[in-house]
Amino acid sequence: QMQLVESGGGLVQAGASLRLSCVASGRAFSSRIVGWFRQAPGKDREFLAAITRSGSSTRYSDSVKGRFTISRDNAKNTVYLQMNNLKPEDTAVYHCVAKSSLLSPNLDTDYGRYGSWGQGTQVTVSS
């Protein structure tokens, strides 16, 4: 299991930006597909974005496409989520996830496909 630690969350006003970071332990980070999910109180986990090992391909949910950008720096074992034009409905705990690309090379939207999860970072957007 890879350990993932998120940071960068906080309380912001609507329209603001935040950049989340997720640092992974271990030397296998560059072989993993990584992504971001979020979970708001009383709601199911929601897929946000995923990125391939090299960073050459990404996938986004319709709810964040055009506002959020996922990127990674394999030299730093880090994946980022740049969030712009935040809305109150973006309020949630944000988790980064990782899975082995050897099992499946797909940018899955199903959280059950990801074997590693971080503890999460809270993002609160006020109106």
Side-chain angles (χ1 to χ4, degrees):
Q1 289 285 348
M2 173 171 284
Q3 289 191 332
L4 304 169
V5 179
E6 303 93 338
S7 62
L11 172 62
V12 297
Q13 291 188 328
S17 297
L18 280 175
R19 189 177 81 155
L20 305 183
S21 299
C22 173
V23 180
S25 65
R27 295 175 291 178
F29 179 75
S30 61
S31 70
R32 305 294 178 102
I33 289 172
V34 291
W36 291 91
F37 282 73
R38 68 186 178 190
Q39 188 166 22
K43 294 188 177 181
D44 292 334
R45 293 181 182 91
E46 177 187 9
F47 168 80
L48 299 178
I51 189 167
T52 53
R53 294 178 299 168
S54 67
S56 61
S57 183
T58 57
R59 183 176 185 178
Y60 296 93
S61 69
D62 288 341
S63 63
V64 305
K65 192 177 298 182
R67 297 191 298 127
F68 291 10
T69 302
I70 187 171
S71 61
R72 66 189 296 165
D73 185 340
N74 287 339
K76 295 182 178 180
N77 277 17
T78 302
V79 58
Y80 304 98
L81 187 67
Q82 177 67 43
M83 307 186 295
N84 298 329
N85 189 23
L86 284 162
K87 305 175 182 180
E89 52 264 42
D90 293 318
T91 295
V93 176
Y94 284 67
H95 299 270
C96 69
V97 298
K99 68 165 190 172
S100 172
S101 60
L102 297 178
L103 296 177
S104 169
N106 300 323
L107 298 178
D108 290 308
T109 62
D110 179 358
Y111 71 86
R113 297 283 189 175
Y114 294 86
S116 300
W117 280 71
Q119 290 296 313
T121 185
Q122 176 71 45
V123 172
T124 304
V125 184
S126 63
S127 58

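Atoms considered below: every heavy atom in the structure, side chains included; atoms not considered: hydrogens, waters and symmetry mates.
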Visitor: With rounding to the nearest 0.5 Å, note down the distance linking CD1 in Ile33 to CZ in Arg113.
Guide: 11.5 Å

Visitor: Work out which heavy atom in Ala24 is nearest to a heavy atom in Met2; give both atom names and the distance.
Guide: CB-SD, 3.6 Å

Visitor: Can you name the side-chain contact (heavy atoms from CB on, under 4.5 Å) partners of Ser63, sequence neighbours left out?
Guide: Arg38, Glu46, Ser61

Visitor: Any salt bridge between Asp62 and Lys65, counting N to O under 4.0 Å?
Guide: yes

Visitor: Side chains of Arg45 and His95: does their closest heavy-atom pair fall under 4.5 Å?
Guide: no

Visitor: For the residue pair Phe37 and Asp110, what are the closest heavy atoms and their distance?
Guide: CZ-C, 4.0 Å

Visitor: Apply the test side chain to side chain contact (heavy atoms under 4.5 Å, CB included) to residues Arg67 and Asp90: give CA-CA distance (whole Å), side-chain angles for both, the deciding distance (0.1 Å), then the verdict.
Guide: CA-CA 11 Å; Arg67 297 191 298 127; Asp90 293 318; 2.8 Å; yes

Visitor: Of all heavy-atom pairs between Leu86 and Met83, which one has the smallest distance, and what is that distance?
Guide: CD2-CB, 3.8 Å

Visitor: For Arg53, does the CZ atom have more than 12 heavy-atom neighbours from other residues, nucleotides or ligands under 6.0 Å away?
Guide: no

Visitor: For Thr91 versus Pro88, what's the shortest heavy-atom pair and its separation?
Guide: OG1-O, 2.9 Å

Visitor: Would you be so kind as to tabulate the donor-acceptor pairs closer than 3.5 Å made by side chains of residues 3-20, with sequence neighbours excluded?
Guide:
from, atom 1, to, atom 2, distance (Å)
Glu6, OE1, Gln119, N, 3.2
Glu6, OE1, Gly120, N, 2.8
Glu6, OE2, Cys96, N, 2.9
Glu6, OE2, Gly120, N, 3.3
Ser17, OG, Asn84, OD1, 3.0

Visitor: Measure across Arg72 and Phe29 and return the closest heavy-atom pair with its distance rounded to 0.1 Å.
Guide: NH2-O, 2.8 Å

Visitor: Among the clusters formed by ILVMFWY side chains lying less than 4.5 Å apart, do Ile51 and Val64 turn up in the same one?
Guide: yes

Visitor: Nearest heavy-atom pair of Lys99 and Gly115: which atoms, and what distance?
Guide: CB-N, 4.2 Å

Visitor: Step by step, work out the side chain to side chain contact (heavy atoms under 4.5 Å, CB included) result for Tyr80 and Asp73.
Guide: CA-CA 8 Å; Tyr80 304 98; Asp73 185 340; 4.1 Å; yes

Visitor: Hydrophobic cluster membership, with links at side-chain heavy-atom distances under 4.5 Å among I/L/V/M/F/W/Y: are Phe47 and Trp117 in one?
Guide: yes

Visitor: Side-chain heavy atoms under 4.5 angstrom apart, residues restricted to Ile, Leu, Val, Met, Phe, Trp, Tyr: same cluster for Val93 and Leu81?
Guide: no

Visitor: What's the verdict on side chain to side chain contact (heavy atoms under 4.5 Å, CB included) for Cys22 and Trp36, showing C-alpha distance, side-chain angles and the deciding distance?
Guide: CA-CA 9 Å; Cys22 173; Trp36 291 91; 3.8 Å; yes

Visitor: Out of curiosity, does Val97 fall in the hydrophobic cluster containing Val34 (side-chain heavy atoms, cut-off under 4.5 Å, transitive links)?
Guide: no

Visitor: Look up atom OH in Tyr60 and atom OG1 in Thr109, then write down how far apart they are to the nearest 0.5 Å.
Guide: 15.0 Å

Visitor: Rounded to the nearest 0.5 Å, what separates atom OG in Ser30 from atom CG in Asn77?
Guide: 7.5 Å

Visitor: Enter the distance from Arg59:CZ to Ile70:CD1 here, rounded to the nearest 0.5 Å.
Guide: 12.5 Å

